[in-house]
Amino acid sequence: MPGIGVRYDLTTRESRRLSVIAHRDGGRTLSAYRKEDPDECALSTRLTPGEAEALVGVLMPSHHSPNLLSTTELGLVAERIELSSTSHWNGRVLGETRMRTETGASIVAVLRRAEAIPSPTPDFRLAGGDELIVIGTREGVETAAAILGRE
């Protein structure tokens with residue numbers, strides 16, 4: 001859209017058409033079209049840059065992670081954390097991480113290639129490419145990810 005910005009169109013699984021115009025000034029126009037007549041706009045609203053950012057925060061909160069497996073009413077999360085080949089822990093045993101002591105989070109399984117290793121023991125040797133399933137509080141899991149990411 002010359003002089004205005006860029007238009008993005010989306011058709012939902014329910015065949016509803018949505019569009020967002022990203023204006024050059026940072027604002028956004030969000031439009032929704034009628035299901036029975038996809039050319040007729042049912043709603044159109046202009047958002048300031050701050051309002052657009054707030055909407056993104058609601059649609060994709062900062063605590064969201066694509067690796068998140070589950071959240072419970074108890075405040076626990078389970079997340080997959082990949083151990084890089086350059087990690088300080090590559091080739092070391094799990095017990096050396098002192099994970100539960102340092103974070104309160106537990107490594108409940110390791111996914112290695114096509115194999116799942118449930119309840120790895122402290123003498124389990126970690127390897128680059130392992131995906132560790134970590135359960136704990138949000139803060140504990142984030143701290144665990146930082147520890148495991150250490151190079």
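Just so you know, residue 1 is the first one in the sequence shown, and it goes up from there. Everything numeric here is computed off the predicted structure, so don't read it as measured data. These numbers come from the heavy atoms of this one structure, side chains and all, not from hydrogens, waters or symmetry mates.
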Handout entry: Neighbour count above 12 (heavy atom, 6.0 Å) for Glu53 CD
Key =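 Not buried by this count: 12 neighbours or fewer within 6.0 Å.
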Practice task
Before giving the answer on side-chain contact (heavy atoms from CB on, under 4.5 Å), spell out for Thr97 and Leu126 the whole-Å C-alpha distance, their side-chain angles and the decisive distance to 0.1 Å.
Solution key: CA-CA 10 Å; Thr97 67; Leu126 298 168; 4.2 Å; yes
Straight-line distance of [X] [atom1] to [Y] [atom2], nearest 0.5 Å:
X      : Y      : atom1 : atom2 : value
Ile133 : Ile117 : CD1   : CD1   : 11.0 Å
Arg17  : Arg34  : CZ    : CZ    : 13.0 Å
Glu82  : Leu132 : CD    : CG    : 9.5 Å
Leu94  : Arg92  : CG    : CZ    : 13.0 Å
Lys35  : Glu40  : NZ    : CD    : 15.5 Å
Leu47  : Ile21  : CG    : CD1   : 11.5 Å

Problem - N/O donor-acceptor pair under 3.5 Å between Arg28 side chain and Gly26 backbone - result: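 Yes: the side chain of Arg28 pairs with the backbone of Gly26.
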Practice task
Report yes or no: does Ser87 contribute a side-chain atom to a donor-acceptor pair with the main-chain N or O of Leu148 at less than 3.5 Å?
Solution key: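 Yes; judged by distance alone, with no hydrogens or angles, the pair exists.
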Nearest non-hydrogen partners of [X] and [Y], listed with the distance:
X      : Y      : result
Pro120 : Ile107 : CD-O, 3.8 Å
Asn90  : Ser84  : CB-O, 4.2 Å
Ile81  : Val134 : CD1-CG2, 3.8 Å
Cys41  : Ser31  : SG-CB, 4.0 Å
Asp9   : Ser19  : OD1-CB, 3.0 Å

Practice task
Apply side-chain contact (heavy atoms from CB on, under 4.5 Å) to Thr143 and list each qualifying residue two or more places apart in sequence or on a separate chain.
Solution key: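 Partners of Thr143 by the side-chain contact (heavy atoms from CB on, under 4.5 Å) criterion, ordered by chain and then number, come out as Thr103, Ile147.
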Handout entry: side chain to side chain donor-acceptor pair (under 3.5 Å) partners of Glu102, counting only residues at least two apart
Key =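 Counting only residues at least two positions away or on another chain, Glu102 forms a side chain to side chain donor-acceptor pair (under 3.5 Å) with Arg98.
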Exercise for the section: Indicate, with yes or no, if Tyr33 and Val20 share a hydrophobic cluster defined by side-chain heavy-atom contacts under 4.5 Å among Ile, Leu, Val, Met, Phe, Trp and Tyr. Expected result: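 Different clusters: Val20 never reaches Tyr33 through Ile, Leu, Val, Met, Phe, Trp or Tyr contacts under 4.5 Å.
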Practice task
Kindly work out whether a path of hydrophobic side-chain contacts (I/L/V/M/F/W/Y, heavy atoms less than 4.5 Å apart) joins Met99 to Val93.
Solution key: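 No, Met99 does not connect to Val93 through the hydrophobic network.
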Handout entry: Of all pairs that satisfy salt bridge (Lys or Arg N to Asp or Glu O under 4.0 Å), the ones with a partner from residues 107-126, not counting sequence neighbours
Key =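 The answer is Arg112-Asp130.
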Exercise for the section: Could you give me the CA-CA distance, side-chain angles and deciding distance for Glu131 and Val110, then say whether side-chain contact (heavy atoms from CB on, under 4.5 Å) is met? Expected result: CA-CA 6 Å; Glu131 285 192 46; Val110 175; over 6 Å; no
Handout entry: Thr29 and Ser44, any side-chain heavy atoms less than 4.5 Å apart
Key =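 With C-beta onward as the side chain, the pair touches.
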